[in-house]
Amino acid sequence: VSDEDFAPAFEAALEEARGEIAAIADNPEPATFANTVEALEVAGKTLDKVLSVFFTVAGADSNDRRQELQREFSPKLAAYSSEIYGNKALFQRIATLWEDRESLGLTEEQERVARETIADVDASGLWPGRAATTLEEAAGGADCGSGTSDRRRAVHAWGRGDAPGFGSVVDIVSFAL
């Protein structure tokens, strides 16, 4: 593998991952654990493999080109992460599953994975929840770190710190750790 192989592999894997996330979010079928949470768990595996090889090589034997690639990849990965965490349709599916979890017959493992997924999103500050989530301009038009180009932020009806089925965000994050 040469340094010139990484950028095209990264771009192809990133597009594939974006397509996988879009397919989950835009799935016209009702949300199920399999077509939402499990699908999300396996989405981006090609990207993970490409990045694993790249960062292993770059970490073990850095050079100017690899450092340049790291600087190129970093903002693209941040944008991709923001796209996922800011994808209201995707996390509405997860919220629906979480609200209906008692009737779904989830195994302990499935419920744990669902909780960890919610904890990841909540830790990002973008948990859309099901209850009256709105989007509004951030104060003074400042970017609140959500990565959205229109500088909007999520506002939760139940108030920052409370999430469905938990006492607080700290409880969710603590559970996931």
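In what follows, every heavy atom counts, from backbone to side chain, and hydrogens, waters and symmetry copies are set aside.
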Salt bridge (Lys or Arg N to Asp or Glu O under 4.0 Å) between R71 and E68, intermediate numbers included
CA-CA 5 Å; R71 287 188 297 272; E68 180 183 333; 5.4 Å; no

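- Heavy atoms only, all atoms of each residue included: G44 and A17 are closest at CA-CB, 3.8 Å.
- Rounded to the nearest 0.5 Å, atoms CG (L69) and CG (D64) are 11.0 Å apart.
- Applying the ring-ring contact (aromatic ring centres under 6.0 Å, His included) test to every pair with at least one member in residues 11-49, sequence neighbours left out, gives no pairs at all.
- Listed by chain and number, the residues in a side-chain hydrogen bond (donor to acceptor under 3.5 Å, both in side chains) with Q70 amount to none (sequence neighbours excluded).
- Rounding to the nearest 0.5 Å gives a distance of 7.5 Å between CD of Q67 and CG of N63.
- For T32, the side chain to side chain contact (heavy atoms under 4.5 Å, CB included) partners two or more places apart in sequence, or in a different chain, are A34, N35.
- Residues passing the side-chain hydrogen bond (donor to acceptor under 3.5 Å, both in side chains) test with E109 are R112, sequence neighbours excluded.
- Applying the side-chain hydrogen bond (donor to acceptor under 3.5 Å, both in side chains) test to E108 and every residue at least two apart in sequence or in another chain returns nothing.
- The salt bridge (charged side-chain N to carboxylate O under 4.0 Å, His left out) check on K76 picks up E11, with sequence neighbours excluded.
- We find the OG-CG distance between S52 and L47 to be 11.0 Å, quoted to the nearest 0.5 Å.
- Interatomic distance, CG of L90 versus NZ of K88, reported as 13.0 Å (0.5 Å rounding).
- In this view, E41 satisfies the salt bridge (charged side-chain N to carboxylate O under 4.0 Å, His left out) rule with no residue, not counting sequence neighbours.
- The distance from atom OG1 of T96 to atom CZ of F91, rounded to the nearest 0.5 Å, is 12.5 Å.
- A distance-only check finds a donor-acceptor pair linking the side chain of T117 to the backbone of V113 [under 3.5 Å].
- The shortest distance between side-chain heavy atoms of F10 and L77 falls below 4.5 Å.
- What you find for A89 and A25 is that their closest heavy atoms are CB-O, 3.9 Å.
- Annotation: side-chain hydrogen bond (donor to acceptor under 3.5 Å, both in side chains) contacts of D48 (sequence neighbours excluded): none.
- Pairing each heavy atom of N27 with each of R93, the nearest pair is O-NH1, 3.0 Å.
- Pairs passing the salt bridge (Lys or Arg N to Asp or Glu O under 4.0 Å) check and including a residue from residues 14-28, sequence neighbours excluded, read E15-R18, R18-E83.
- S62 places no side-chain N or O within donor-acceptor distance of the main-chain N or O of G59, the cut-off being under 3.5 Å.
- For E29, there are no salt bridge (charged side-chain N to carboxylate O under 4.0 Å, His left out) partners two or more places apart in sequence or in a different chain.
- Between the CG atom of L97 and the CD atom of E111 there is a distance of 12.0 Å, given to the nearest 0.5 Å.
- Residues passing the salt bridge (charged side-chain N to carboxylate O under 4.0 Å, His left out) test with D61 are R66, sequence neighbours excluded.
- For F54, the ring-ring contact (aromatic ring centres under 6.0 Å, His included) partners are F6, F73, not counting sequence neighbours.
- Side-chain atoms of D5 and S2 form a donor-acceptor pair, as typed in the model, at a separation below 3.5 Å.
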